[in-house]
Amino acid sequence: MKRIWIAILLISLAIGLCIYEQYEVKEFCDTMESLAQSEDLSGIKDYWRKHNDKIYIFSSHDMLDEIAKSVEMLPDEKNSDTKNALNELRAFVKSYYENQKLSPSNIF
């Protein structure tokens with residue numbers, strides 16, 4: 001009987017971690033999207049620097065490396081290339097979210 005409770009505890013812990021991971025990924029993507037829409041370049045860079053370590057824990061690094069490159073390539077001041085850079089960043093964030101959200105193909 002003791003083994004059943006340990007198994008239930010471990011399964012509950014795994015489910016809780018999955019729910020937490022989905023919450024963090026959604027919050028990260030929503031925040032990055034809203035910052036990109038408002039064209040807050042310094043806000044995007046600050047948010048990325050504060051949260052990238054936590055996000056790297058949850059995901060494969062290749063997709064996040066693309067987001068990191070896009071963030072680092074953002075200019076410090078708004079110029080003619082800002083819109084294109086922000087659109088590229090938004091595309092990477094959306095792609096990242098689509099790959100990380102809970103779906104049957106991600107589970108199996």
Enter the distance from [X]:[atom1] to [Y]:[atom2] here, rounded to the nearest 0.5 Å.
{"X": "Lys69", "Y": "Leu74", "atom1": "NZ", "atom2": "CG", "result": "14.5 Å"}
{"X": "Ile67", "Y": "Ile44", "atom1": "CD1", "atom2": "CD1", "result": "11.5 Å"}
{"X": "Lys94", "Y": "Asn99", "atom1": "NZ", "atom2": "CG", "result": "12.0 Å"}
{"X": "Leu10", "Y": "Ile15", "atom1": "CG", "atom2": "CD1", "result": "11.5 Å"}
{"X": "Asp65", "Y": "Phe92", "atom1": "CG", "atom2": "CZ", "result": "11.0 Å"}
{"X": "Met63", "Y": "Tyr97", "atom1": "CE", "atom2": "OH", "result": "13.0 Å"}

Compare all side-chain heavy atoms of [X] with those of [Y] and state whether any distance is below 4.5 angstrom.
{"X": "Pro75", "Y": "Thr82", "value": "yes"}
{"X": "His51", "Y": "Lys54", "value": "yes"}
{"X": "Glu21", "Y": "Glu24", "value": "no"}

(request) Decide, yes or no, whether a salt bridge links Lys83 with Glu39 under the criterion of side-chain N to carboxylate O below 4.0 Å. (result)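 Yes, charged N to carboxylate O under 4.0 Å.
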Give me the atom names and distance for the closest heavy-atom approach of [X] to [Y].
{"X": "Leu64", "Y": "Trp48", "answer": "O-CH2, 3.9 Å"}
{"X": "Gln22", "Y": "Gln100", "answer": "NE2-O, 2.8 Å"}
{"X": "Gly43", "Y": "Leu35", "answer": "O-CD1, 3.7 Å"}
{"X": "Asn79", "Y": "Asp81", "answer": "OD1-N, 2.9 Å"}

(message) Hydrophobic clusters here meaning ILVMFWY residues chained together by side-chain heavy-atom distances under 4.5 Å, can you tell me if Val25 and Tyr56 are in one?
(response) yes
(message) Considering only residues two or more places apart or on different chains, which pairs with a residue in residues 3-18 satisfy side chain to side chain donor-acceptor pair (under 3.5 Å)?
(response)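 Qualifying pairs: none.
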Distance-only criterion, 3.5 Å: show the donor-acceptor pairs between side-chain atoms of residues 27-34 and protein atoms not counting sequence neighbours.
residue	atom	partner	partner atom	Å
Glu27	OE1	Tyr23	OH	2.9
Asp30	OD1	Lys26	NZ	3.4
Asp30	OD2	Lys26	NZ	3.2
Thr31	OG1	Glu27	O	2.8
Glu33	OE2	Gln37	NE2	3.3
Glu33	OE2	Arg90	NE	2.9
Glu33	OE2	Arg90	NH2	2.9
Ser34	OG	Asp30	O	3.4
Ser34	OG	Thr31	O	2.9

(request) Indicate whether the side chain of Tyr47 and that of Asn52 have a donor and an acceptor atom separated by less than 3.5 Å. (result)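 Absent: no donor and acceptor within the cut-off.
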(request) Could you identify which residues cluster with Leu9, counting Ile, Leu, Val, Met, Phe, Trp and Tyr as linked when any side-chain heavy atoms lie under 4.5 Å apart, either directly or through a chain of such contacts? (result) none
(request) Taking Ser95 for its side chain and Ala91 for its backbone only, find out whether a donor-acceptor pair lies under 3.5 Å. (result) no
